[in-house]
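Note sheet for the following structure.
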Amino acid sequence: GLTPDDVSRYVQIAMNDDVITQVVDGQRYINVVARLGDEYREDVRELRHLPIPLASGGEVPLEALCSRFDPEAAGPSQIEHEGGQRLILVQCNPANRGSVDVKNDIEAALAPELNDLTRDHYSLELAGLFQSEQEASLRIVSLSGVAVLAIFLVLYTMFKSANISMQIMVALPMALIGAVVAMLITGQDRTIPNLVGMISLLGIASRNGILLIDHYFHLVLHEGETWSKEMLVRAGKDRVSPVLMTALTSSIGLIPLTLSPETPGREILYPIATVVVGGLISSTIMEFFVRPALFWTFGRKAAERSLLRRRKVEETQPEPEA
């Protein structure tokens with residue numbers, strides 16, 4: 001006439017305790033608990049003889065109700081069900097790694113066991129935070145593609161040349177190189193904050209590229225320079241201060257965040273700051289050493305054609321009346 005719940009309740013009271021009443025002492029309420037004394041709870045032989053009352057009267061020892069009495073064995077304290085099937089939930093909170101990477105490792109470790117599990121009518125499902133992280137990553141990557149396309153269209157509208165637009169957009173991979181190196185140095189995995197930081201970085205890097213290449217056109221169009229290596233050197237010297245000022249103002253405020261990653265509340269800001277600072281360092285350096293070489297090799301002829309079109313447009317425009 002006993003149920004597993006009846007037995008479990010008595011064992012729980014004996015081992016843990018249970019509030020059976022309260023004593024009122026003035027304004028205080030003191031709980032009165034019942035449980036076995038320590039000498040009985042710690043003695044397996046005594047625990048075997050724990051009396052379990054029967055509904056029909058009398059009592060039986062605990063060991064009479066067990067097919068095997070093993071106090072060292074571990075089992076679930078509660079059996080959950082879902083969809084008519086028993087459910088065992090195993091949880092973990094990844095630390096210092098991305099949840100998607102941890103999920104991939106779990107899948108790889110369990111892959112050899114999947115056939116045996118399926119044959120024994122078990123099913124395995126991985127769920128949790130990594131699902132929302134994957135969805136957010138997909139959305140961010142999609143929006144990044146839209147942003148890059150929008151940048152290209154704006155640049156094409158400005159210079160009327162796909163080659164020149166691509167020359168400016170070379171700043172994007174130059175910035176991403178530093179962002180990836182910063183992640184490797186700090187031991188970070190790809191996360192949502194890293195992706196957000198990279199998107200912010202792309203805008204800053206593109207602006208620096210526009211500053212430099214537009215100055216090439218200005219020197220040739222208005223200051224009598226020709227498309228020569230000397231002009232590229234002069235443009236680089238002229239634009240050192242604006243480009244450095246842009247990079248410094250964007251990174252100085254983020255540097256303190258990169259120096260204290262363990263401070264509470266900076267779990268999101270630290271990855272963003274790391275990516276932006278690393279990307280600004282690489283893009284600023286390459287802006288003056290890599291971009292002129294690329295422009296001289298691949299973009300000079302396109303710049304000459306673009307400048308001719310610009311001069312024709314200026315010549316066809318009527319002069320303003322006095």
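Here, residue 1 is the first one in the sequence, and each next residue gets the next number. Reckoned from all heavy atoms, side chains included, excluding hydrogens, waters and symmetry mates. Remember, predicted model here, so these are calculated numbers, not experimental data.
- Between Leu201 atom CG and Ile272 atom CD1 the span is 12.0 Å, to the nearest 0.5 Å.
- Rounding to the nearest 0.5 Å places OG of Ser123 at 5.5 Å from CD of Gln85.
- Neither Val148 nor Ile177 shares a network with the other; the hydrophobic side chains, linked directly or stepwise wherever heavy atoms of I, L, V, M, F, W or Y lie under 4.5 Å apart, form separate groups for each.
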Which side-chain N or O atoms in residues 235-248 pair as donor and acceptor under 3.5 Å with protein atoms at least two apart or in another chain?
| residue | atom | partner | partner atom | Å |
| --- | --- | --- | --- | --- |
| Asp238 | OD2 | His215 | NE2 | 3.0 |
| Arg239 | NE | Leu211 | O | 3.3 |
| Arg239 | NH2 | His215 | ND1 | 3.4 |
| Thr246 | OG1 | Pro242 | O | 2.9 |

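- In this structure, Glu223 CD and Met231 CE are separated by 11.0 Å, a value rounded to the nearest 0.5 Å.
- Closest approach of Arg291 and Ala171 over heavy atoms only: NH2-CB, 3.2 Å.
- Here the CD1-OH distance, from Ile13 to Tyr10, works out to 7.0 Å after rounding to the nearest 0.5 Å.
- Applying the 6.0 Å contact sphere to CG of Asp38 captures more than 12 heavy atoms from other residues, nucleotides or ligands.
- Linking ILVMFWY residues whenever their side-chain heavy atoms come closer than 4.5 Å, directly or via other members, leaves Phe288 and Val290 in distinct clusters.
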Pair Leu124-Leu114, side chain to side chain contact (heavy atoms under 4.5 Å, CB included): steps then yes or no: CA-CA 8 Å; Leu124 178 67; Leu114 288 180; 3.6 Å; yes
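- Under the 4.5 Å side-chain criterion, counting only non-hydrogen atoms from C-beta, Ser206 is in contact with Leu172.
- Within 6.0 Å of atom CD in Glu82, 12 or fewer heavy atoms from other residues, nucleotides or ligands are found, so the atom counts as exposed in its surroundings.
- Glu63 is not listed as a side-chain neighbour of Leu47, based on a closest heavy-atom distance of 4.5 Å or more.
- When all heavy atoms of Leu212 and Glu287 are compared, the pair lying nearest together is CD2-O, 3.3 Å.
- Cluster membership for Val146 and Ile151, using ILVMFWY side-chain heavy atoms within less than 4.5 angstrom, is not shared.
- Salt bridge status for Arg234 with Glu225: present, with a side-chain N to carboxylate O gap under 4.0 Å.
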Indicate every side-chain donor-acceptor pair of residues 274-282 with a distance under 3.5 Å to a residue at least two apart or in another chain.
| residue | atom | partner | partner atom | Å |
| --- | --- | --- | --- | --- |
| Thr274 | OG1 | Gln188 | NE2 | 3.3 |
| Thr274 | OG1 | Tyr270 | O | 2.8 |
| Ser282 | OG | Met174 | O | 2.7 |
| Ser282 | OG | Gly178 | N | 3.1 |
| Ser282 | OG | Gly279 | O | 3.1 |

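- Within the 3.5 Å criterion, the main-chain N or O of Ala205 finds no donor-acceptor partner in the side chain of Asn208.
- Residue Tyr40 places its OH atom among 12 or fewer non-hydrogen atoms of other residues, nucleotides or ligands, all under 6.0 Å distant.
- For the pair Leu87/Glu80, a side-chain contact is recorded, criterion being any heavy-atom separation below 4.5 Å from C-beta on.
- Residues passing the side-chain hydrogen bond (donor to acceptor under 3.5 Å, both in side chains) test with Ser144: none are found, sequence neighbours excluded.
- Between atom CD of residue Gln12 and atom OG of residue Ser8 there is a gap of 8.0 Å, rounded to the nearest 0.5 Å.
- With a 4.5 Å cut-off on side-chain heavy atoms, Leu126 and Ile106 count as touching.
- For the pair Ala179 and Met198, the tightest heavy-atom approach, listed with the atom from each and the gap, is CB-CE, 4.3 Å.
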List, one per line, each side-chain donor-acceptor pair under 3.5 Å for residues 18-26, sequence neighbours excluded.
| residue | atom | partner | partner atom | Å |
| --- | --- | --- | --- | --- |
| Asp18 | OD2 | Arg9 | NH2 | 3.1 |
| Gln22 | NE2 | Asn31 | OD1 | 2.9 |
| Asp25 | OD2 | Arg28 | NH2 | 2.8 |

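- The shortest distance between side-chain heavy atoms of Met158 and Asp214 falls below 4.5 Å.
- Hydrophobic clustering (side-chain heavy atoms under 4.5 Å, transitive across Ile, Leu, Val, Met, Phe, Trp, Tyr) groups Met166 together with Ile210.
- Ile204 is not connected to Leu143 by any chain of hydrophobic side-chain contacts under 4.5 Å among Ile, Leu, Val, Met, Phe, Trp and Tyr, and they are in different clusters.
- Relative ring orientation between Trp227 and Phe295 is described as tilted, the plane-to-plane angle lying within the 30° to 60° band.
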Under the side chain to side chain contact (heavy atoms under 4.5 Å, CB included) criterion, do Ile213 and Phe217 qualify, and how do the steps go? CA-CA 7 Å; Ile213 289 186; Phe217 283 89; 3.9 Å; yes
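- Its side chain within the 4.5 Å cluster rule, Val90 clusters with Ile88 among the Ile, Leu, Val, Met, Phe, Trp and Tyr residues.
- If you take CG on Leu36 and CG on Asp43, they are separated by 11.0 Å, rounding to the nearest 0.5 Å.
- Phe298 is linked by a side chain to side chain contact (heavy atoms under 4.5 Å, CB included) to Gln167, Leu294, counting only residues two or more places apart in sequence or in another chain.
- Shown here for Leu254 and Ala273, the closest heavy-atom pair between the two residues is O-CB, 3.7 Å.
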